[in-house]
Amino acid sequence: MLQGMPAVDLRATGQNIIRFRKQAGFSVRELQTVFGFGTPQAIYKWQRGETLPTVDNLVVLAQVFRVSIDELIAVKN
């Protein structure tokens, strides 16, 4: 990897998802319903910074939370 290249900060992105979810008034279970997931595990993994939502799911999150994708994704240098 090249020095100084930006990378997604999974933990900070997870914190952003938590913050915007709460600001929008959604519970994890409500988001689970929005996505049609059988369990909430994917959402919990996003919030803990274990995984990153797919691009499609980021688009949905941004629309649901009424923020830009850039606001959701935290970048570190």
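What you see is a predicted model; the values in this text were computed from it and never measured.
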Do you know the tightest heavy-atom contact between Ala24 and Val64? CB-O, 4.4 Å

Checking side-chain contact (heavy atoms from CB on, under 4.5 Å) for the pair Asp9/Val75: CA distance, chi angles, key distance, verdict? CA-CA 5 Å; Asp9 184 329; Val75 178; over 6 Å; no

Residue pair Phe35, Trp46: steps toward the ring-ring contact (aromatic ring centres under 6.0 Å, His included) verdict: CA-CA 13 Å; Phe35 286 100; Trp46 299 342; 5.4 Å; yes

Applying the side-chain contact (heavy atoms from CB on, under 4.5 Å) criterion to Arg19, which one of Arg21, Gln23, Lys22 satisfies it? Gln23

Residue pair Ala74 / Ala12: nearest heavy atoms and the distance that separates them: CB-CB, 3.4 Å

How many angstroms lie between CD1 in Ile73 and CG in Leu10, if you round to the nearest 0.5 Å? 10.0 Å

Supply the atom-to-atom distance Asp56 CG to Leu61 CG, rounded to the nearest 0.5 angstrom. 11.0 Å

Counting heavy atoms not belonging to Arg48, are there more than 12 under 6.0 Å from its CZ? yes

To the nearest 0.5 Å, what is the distance between CD1 (Ile17) and CG (Leu52)? 7.0 Å

Member of Glu71, Gln15, Arg66 meeting the side-chain contact (heavy atoms from CB on, under 4.5 Å) criterion with Phe20: Glu71

When hydrophobic residues are tied together by side-chain contacts of less than 4.5 Å, even through go-betweens, does Ile18 share a cluster with Phe37? no

Measuring from Asn16:CG to Arg11:CZ, what's the distance to the nearest 0.5 Å? 12.0 Å

Do Thr33 and Glu30 have side-chain atoms, one donor and one acceptor, less than 3.5 Å apart? no

Under the side-chain contact (heavy atoms from CB on, under 4.5 Å) rule, what do Val8 and Lys76 come out as? Steps first, then yes or no, please. CA-CA 6 Å; Val8 174; Lys76 59 184 172 183; over 6 Å; no

Kindly determine whether Val60 and Phe65 satisfy side-chain contact (heavy atoms from CB on, under 4.5 Å), including the steps that lead there. CA-CA 8 Å; Val60 173; Phe65 298 156; over 6 Å; no

